[in-house]
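This report refers to the structure that appears directly beneath it.
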Amino acid sequence: MKKHLLGVAAGSIMLSPIVASAQTEVHFWHAFTGRLGELVAGQVDQFNAGQSDYVVVQNHKGNYSETLNAGIAAFRAKEQPHILMVFEVGTATMMAARGAVRPVYEVMAESGASFDSDAYIGAVKGYYTTTDGDMLSLPFNSSTPVLWVNRDAFEAAGVDPDMDLSTWENVGGALDALKAGGEDCPLVTAWQSWIHLENFSAYHNVPFASQDNGFAGLDTELMLNGPAQVAHLSAMQQWAKDGKFIYTGRRNEGGANFRAGDCALFTESSAGYAGISSEAEFDFEVRPLPYWTAVADEPQNTIIGGASLWVMEGHDAAEYAGVGEFLSFLSTSDVQAAWHQNTGYLPITIEAGDATRASGFYDENPGTDIAVIQMTAKQPTANSKGLRLGSFDQIRGIIDEELEAIWAGDKTAQEAMDSAKERGDALLRRFESANR
Amino acid sequence: MEKRVTFRGWLLPVILIAPQVLISAIFFFYPAGQAVYQSLFIPDPFGLSSQFVGLGNFEFVLGDKFYRASFVTTAIFSILVTLCSMIPALFLAATADRLIKGSGVYRTLLIWPYAVAPAVAGVLWLFMFNTRVGVVSWYLGQFGYDWNHVLNGGEAMGLVVVASAWGRISYNFLFFFAALQSVPRSVIEAAAIDGARFWRRFFGIVLPLITPTAFFLLVVNVVYAFFETFGVIHTITSGGPQQSTTILVYKVFADGFIGQDLGSSSAQSVILLFVVGLLTVVQFKYVEKRVHY
């Protein structure tokens, strides 16, 4: 038995150089399963079929955190893939890992593949570029929060579903009316920190953290306890107390409630489109994320969530040329337009967005362009370019805990956010000293 | 009665203990040594650079009031898990011991939950108590009780305790059952002839005779509650709401494998090692005195 295995192992070792000499392998680790996994596999197959120099091998490595961990562990063992998918929260970790990652703009320049960083949508690429405008990783799947409306629930509660929901002031009125009309779950949310703090801050053009939300340096401090954020969370706390805002959990648990028709309003990623459109048995609609007129005259842009592709160090030049080809293939207008239309994720290039509009997709699927408009209507400011904070996965955990204290009525919004700042800053200082 | 064997040379005893020593060295001393070593550094996740900070990591974690609070959470959690897994197991074993027919079936069925991995057990219980579609939470709702472990820390703690203890009842049951079977029938019969009823016999004779097993299980269950329950916590609450179910070992996992902060995570695991070591010493020193062998 053992002999057999050894024989097979020896055989595969002997065979592999022959394969490699014909086609260079490029390994790509991602975090997608189900429908998204199929779509990624489809992109890879299309690339492999379209040329004969390189073979991209895609592998699913678990959820976002697990994929990042797998990449880090592989790097330590010198077995790293060429391309690693990292969620936006891990951006600062990857950026700080000089020597482990190779910036995408360098890869593209060396590989000679066509690359124009101006072709990418500013609000999307801004998250992954340096302050000098160099693109460090390739945006892959990006979404942004929007407001989902269950029109049937509005009608059942005797509220006009066409009412203006563009401001939180109006939404507050709608929640009162819905509750009075007998709705048990007027508002539910997914990803509370991402939507109600991170995006909230960008959308109202107030800082979430100092040093341009961490873009300008590691010596950043959280500023999420400012008056705008506290006012919003205080209003949400009152809604939670009155049973107008229902808390369901830290991730996207609320999606199940909304898709089942239990809730009237839902703040969730634009990428919720695939799930909601396939499951919802009610008349639904997408609206832009509301803003407070008391805080801003008009909304700034929202920021993205999702993942980008990082190129890892430690491979041959020929392999990097293949990486360059593959990344440039992913950025082509056709691939991007198909991805955008199939998933509800944002297109990463301006051209792909225009192609989708020209194809009439937005007219056939109303509301699918709201996320794009919401992100691109204004030039991003220092407060709305994105977030680049170390240990951000842990900091989100802290924010989740403090938000739960608000919803449970154990703390005021100010107390909870002061505490979140204090605890988050301690982690930021640690990250700073680890990456000095 | 002297049971010791005296070897003539030294080679055979060395060979005999070598596998155990080797396994301990590879799977315990080496990783534990690594943890102690790493706890003195703040490394970056990729292992590209690392900074010696001495006891800085310990200062950092012990200076954190939320970390200190998680000691209390861990104590409450461990005591509850130990009690909830041992008392029902003892009760089931005592009743199974009385069975004459069908005890084999009963025993087999009771062992099943032990085969369920903690993380899977966590998901099963989470489904039953899901605030929206859970069977149990629905029935509780019918009785007018609004179950919401997503925001209520006490309910969350109760849920993770039950989910952690559930599979463990099987394990404890096996040991208790074996211990009960080994209690000499003659002693019990003598007590029965003297007119002692079942529970009187149980508390007066049987329980004292099985204390060695109970003590062993106490140690093993506390270690289980400290180390092996993070799968349950991870799947059900992720330590929430707020920090009400963040036990020490979950924090080690979360900081190390989600937060990529290996220095702090190592320091925490060293602290955990000391806590459990201390606890075991206390158990052997004080609790064992009340054990009759």
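The model shown is predicted, which means the values in this text are computed figures rather than measured ones. Order of the sequence lines fixes the chain letters, A, B, ..., with proteins taken first and strands second; residue numbering starts at 1 for each chain.
- Annotation for B/Asp44 and A/Ala434: closest pair CB-O, 4.1 Å, computed over non-hydrogen atoms.
- A distance of 5.5 Å separates CD in A/Glu401 from OG1 in B/Thr246, rounded to the nearest 0.5 Å.
- Heavy atoms closer than 4.5 Å to chain B are found in both the backbone and the side chain of A/Ala256.
- The nearest pair of heavy atoms linking B/Leu151 to A/Glu404 is CD2-O, 3.7 Å.
- More than 12 heavy atoms of other shown residues, nucleotides or ligands fall within 6.0 angstrom of atom CD in B/Glu228.
- A donor-acceptor contact shorter than 3.5 Å is absent between the side chain of A/Asp393 and the backbone of B/Gly259.
- Side-chain contact check for B/Gln260 versus A/Leu68: some heavy-atom pair is nearer than 4.5 Å.
- Options A/Ala100, A/Ala260, A/Gly90 differ in how many heavy-atom pairs under 4.5 Å they form with chain B, and the most are formed by A/Ala100.
- When the candidates A/Ala405, A/Ser65, A/Gly397 are compared by the number of heavy-atom contacts under 4.5 Å with chain B, A/Ala405 comes out ahead.
- Around atom CZ of B/Phe274, no more than 12 heavy atoms belonging to other residues, nucleotides or ligands sit under 6.0 Å away.
- In this structure, the side chains of B/Phe60 and A/Leu427 come closer than 4.5 Å at one or more pairs of heavy atoms.
- Within 6.0 Å of atom CD in A/Glu422, 12 or fewer heavy atoms from other residues, nucleotides or ligands are found, so the atom counts as exposed in its surroundings.
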For this session: Decide side-chain contact (heavy atoms from CB on, under 4.5 Å) for A/Arg430 and B/Ser264; before the verdict, give the C-alpha distance in whole Å, the side-chain angles of both, and the deciding distance to 0.1 Å.
Result: CA-CA 10 Å; A/Arg430 246 185 107 70; B/Ser264 155; 3.5 Å; yes
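- Only the side chain of B/Ser49 comes within contact range of chain A, with heavy atoms under 4.5 Å apart.
- No more than 12 heavy atoms of other residues, nucleotides or ligands sit less than 6.0 Å from atom CZ of A/Arg251.
- At a 4.5 Å heavy-atom cutoff, the contact between B/Asp255 and chain A is made by backbone and side-chain atoms alike.
- Nearest heavy atoms, B/Gln242 versus A/Ala408: NE2-CB, 4.2 Å.
- Nearest heavy atoms, B/Pro45 versus A/Ile72: O-CG2, 3.2 Å.
- For A/Asp400, no part sits under 4.5 Å from any heavy atom of chain B, backbone or side chain.
- A cation-pi arrangement is present between A/Arg423 and B/Phe66 under the rule of less than 6.0 angstrom and at most 45 degrees off the ring axis.
- Heavy-atom contacts from other residues, nucleotides or ligands closer than 6.0 Å to CZ of B/Phe257 number 12 or fewer.
- Within 6.0 Å of CZ in B/Phe127 there are 12 or fewer heavy atoms belonging to other residues, nucleotides or ligands.
- Contact annotation for residues 234-246 of chain A against chain B (heavy-atom separation below 4.5 Å): no residues qualify.
- In this structure, chain B has a heavy atom under 4.5 Å from the side chain of A/Glu402, while its backbone stays farther away.
- Summarising the local packing, CZ of B/Arg132 is surrounded by more than 12 heavy atoms from other residues, nucleotides or ligands at distances under 6.0 Å.
- Contact check for A/Phe431 versus B/Asp261: no side-chain heavy atoms found under the 4.5 Å cut-off.
- Within 6.0 Å of CD in A/Glu281 there are 12 or fewer heavy atoms belonging to other residues, nucleotides or ligands.
- Between atom OH of residue A/Tyr64 and atom CD1 of residue B/Ile258 there is a gap of 16.0 Å, rounded to the nearest 0.5 Å.
- For A/Ala96, no part lies near chain B; criterion is any non-hydrogen pair under 4.5 Å.
- Proximity of B/Phe46 to A/Met312: side-chain heavy atoms (C-beta onward) are separated by under 4.5 Å at one or more points.
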